[in-house]
Amino acid sequence: MIALVDCNSFYASCEQVFRPDLKGKPVVVLSNNDGCIIAANKEAKSLAHIPMFQPVFKIKKVLEQNNVVCFSSNYTLYSDMSQRVMNTLREFSPLVEEYSIDESFVDLSGYSASRVQELATEIKDRVHQNTGIPVGVGVAKTKSLSKLANRYAKKEPKNDGVYVVDSEEKRIHLLKKILVKDVWGIGRKHAVRVESTGAITAYDFSKLPVAWVRKQMTVLGERLWRELQGETCNELVPLPKSKQGIGTAKSFGYKLNEYGLIEEACASYVSEVADLLRQQKSAAGKIEVFLATNSFSDTDKQYRNKVVITLETPSSSTIKLTKVALQALRKIYRPGYRYKKVGVNLFNLVPDNKVQFSLFDFKEKIECEALTKAIDKLNNKYGKNKVKVATVGNREKQWALIKEHRSPRFTTQWDELLTIGKV
DNA sequence: TCTGGGGTCCTAGGACCC
DNA sequence: TCTGGGGTCCTAGGACCC
């Protein structure tokens, strides 16, 4: 059996752990630039007109009228809380697949069938006790079924956040309770196609001819169809897959046309992704830089372009990667536009220790590596980004994301620790 | 004024090779 | 009349996920 453990409105819950005064009050978390809503607790959801991914400016009034508490996203806090949740899950099983920041598949095959029902409740309670985060638990034979079980666990109040599919009757019952459009793996487009056959529930979908499913929804649809019957097609993958690419692309807090500022943002993103690259002990063979205006604007002149540069030798050095990225940026920058976003992606990742060098590159690598190491060391000691490549500059305020409502990074920064009583 | 960001997987089609 | 067939690699686009 496989359990799918999913945190309830995770980002909002993280904020509430450190703000017990907000218990029972509506809370939402905003995306980068405080642009739109990416998480809402159940109190906020129950207020009408707070759909997810709504731009904040469109519903500002509703938020104010209902005294909804808004937080800017604080990923440092959320990733740390996520790790605490995952560590608790590992107390139950050695095989845990971290599917996303707020959910995991947990292999329960080591437990007897009769124990699973009470075990599921135990998981829910212990995560809450250890971390303060409420979770839902769905258990079934396959990943797809446990995902549906989890949904049903939360949707139906009498389940109290836990649903275990341990019989054929319960499997059928579950499938009949879930609508086609709510099935994991059926998105908007496929839902329309499936519904056009007259199917309404997941059960109806599971009764469609497999050949039709295969033709309309590719092999992914077929796997899903089989998993709903109880046949395993997606194995649990306990280790994080090493990433195929690392990238970042963020909107500026303001529209920019000054090349120097865009350059700063670009260089800063390079150092961000290069850090991640070194953490996973890889080097990148290709780097892509792209630049875009605001595609939502009806009045701004539109421009977007990208360029990919292949490095002679894969590299993980911030200095080398910055140099190449800025060459790329120079190629696509055109004056006269109001730019909204710049992005950097690293591809063709190879293990750091398998890189082949020409003699010339080798000399350069040794030099860059020593310098990069020294910088990493200083930053570890004195704080992130204290030492950086000169291009990054210090005008971050003029381009960086707007984060008006960020909460303190309670668990990862000494100077932002939660204090109790007067200091 | 203000509209997220980071991913995965699959398929089809083109270029190229023998 | 009839114009190979299989393989690889790459890219773009679609669909979905959190």
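Model, not experiment: these values are computed from the prediction. So that the names make sense, note that chain A is the first sequence line, chain B the second, and so on, each numbered from 1. Note that these values count all heavy atoms, side chains included, but never hydrogens, waters or copies made by symmetry.
- A:K331 pairs by the salt bridge (charged side-chain N to carboxylate O under 4.0 Å, His left out) definition with nothing, not counting sequence neighbours.
- With distances taken from any side-chain atom of A:Y99 to the nucleotides B:dG4, B:dC9, C:dC17, the minimum falls on C:dC17.
- Nucleotide B:dT3 holds its C1' atom 14 Å from the NZ atom of A:K60, rounded to whole Å.
- Annotation: of the two residues near DNA chain B, A:F57 and A:I246, the 5′-most nearest-nucleotide partner is A:F57.
- Partners of A:Q65 by side chain to side chain contact (heavy atoms under 4.5 Å, CB included), not counting sequence neighbours, listed by chain and number: A:K61.
- Residues satisfying the side chain to side chain contact (heavy atoms under 4.5 Å, CB included) criterion with A:S93, sequence neighbours excluded, are A:L95, A:V106, A:D107.
- In this structure, CG of A:D6 is placed 9 Å from C1' of C:dC18, rounded to the nearest angstrom.
- Place A:T248 and A:V56 on DNA chain B by their nearest nucleotides, and A:V56 ends up nearer the 5' end.
- Within the structure, salt bridge (charged side-chain N to carboxylate O under 4.0 Å, His left out) contacts touching residues 122-131 of chain A (residues at least two apart or in different chains) are A:E91-A:R126, A:R115-A:E122, A:E122-A:R126, A:K124-A:D160.
- For A:T218, no side-chain nitrogen or oxygen approaches OP1 or OP2 of B:dC9 to under 4.0 Å.
- Counting only residues at least two apart or in different chains, salt bridge (charged side-chain N to carboxylate O under 4.0 Å, His left out) contacts with residues 62-82 of chain A comprise A:D80-A:R84.
- The side chain to side chain donor-acceptor pair (under 3.5 Å) with A:Y152 is formed by just one residue from the set A:K177, A:K170, A:H173; it is A:H173.
- The side chain of A:V219 lies closest to B:dC10 when the candidates are B:dC2, B:dC10, B:dG4.
- Listed in residue order, the members of residues 338-347 of chain A having a heavy atom less than 4.0 Å from DNA chain B are A:K340, A:K341.
- Here the C1' atom of nucleotide B:dC10 and the CZ atom of A:R214 are 10 Å apart, to the nearest Å.
- Under the side chain to side chain contact (heavy atoms under 4.5 Å, CB included) criterion, A:V192 pairs with no residue, sequence neighbours left out.
- Judged as a salt bridge (charged side-chain N to carboxylate O under 4.0 Å, His left out), the pairs with a partner in residues 136-151 of chain A (not counting sequence neighbours) are, in order, A:E97-A:K143, A:E103-A:K147, A:R151-A:D182.
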Set out, in order, the CA-CA distance, both residues' side-chain angles and the distance that settles side chain to side chain contact (heavy atoms under 4.5 Å, CB included) for A:Y163 and A:L174, then state yes or no. CA-CA 9 Å; A:Y163 192 77; A:L174 174 67; 4.2 Å; yes
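- Going from atom CD of A:E97 over to atom P of C:dC18 covers 13 Å, rounded to whole Å.
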I need a per-nucleotide contact map over nucleotides 11-16 of chain C, read 5' to 3'. Cutoff is protein heavy atoms under 4.0 Å; write B for the base, S for backbone only, - otherwise. S---SS
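- Taking atom C1' on both nucleotides, B:dC17 is separated from C:dG4 by 14 Å, rounded to a whole Å.
- A straight line from CZ of A:F10 to C1' of B:dG4 spans 18 Å, rounded to a whole angstrom.
- Stem regions for DNA chain B, each three or more consecutive Watson-Crick or G-U pairs with both distances under 3.5 Å and listed by first number, read B:5-18 with C:5-18.
- Among pairs with a residue in residues 191-216 of chain A, those fulfilling salt bridge (charged side-chain N to carboxylate O under 4.0 Å, His left out) read A:R214-A:E222, at least two apart in sequence or across chains.
- Without hydrogens or angle criteria, A:E43 side chain to A:V27 main chain gives no donor-acceptor distance under 3.5 Å.
- When rounded to the nearest whole Å, the span between CZ of A:F105 and P of C:dC17 equals 12 Å.
- Listed by chain and number, the residues in a side chain to side chain contact (heavy atoms under 4.5 Å, CB included) with A:S206 are A:L175, A:Y203, A:Q229 (sequence neighbours excluded).
- For A:S31, the side-chain atoms get nearest to B:dG4 when compared with the rest of B:dG4, B:dT3, C:dC18.
- In this structure, the NZ atom of A:K255 is 7 Å from the P atom of B:dT3, given to the nearest Å.
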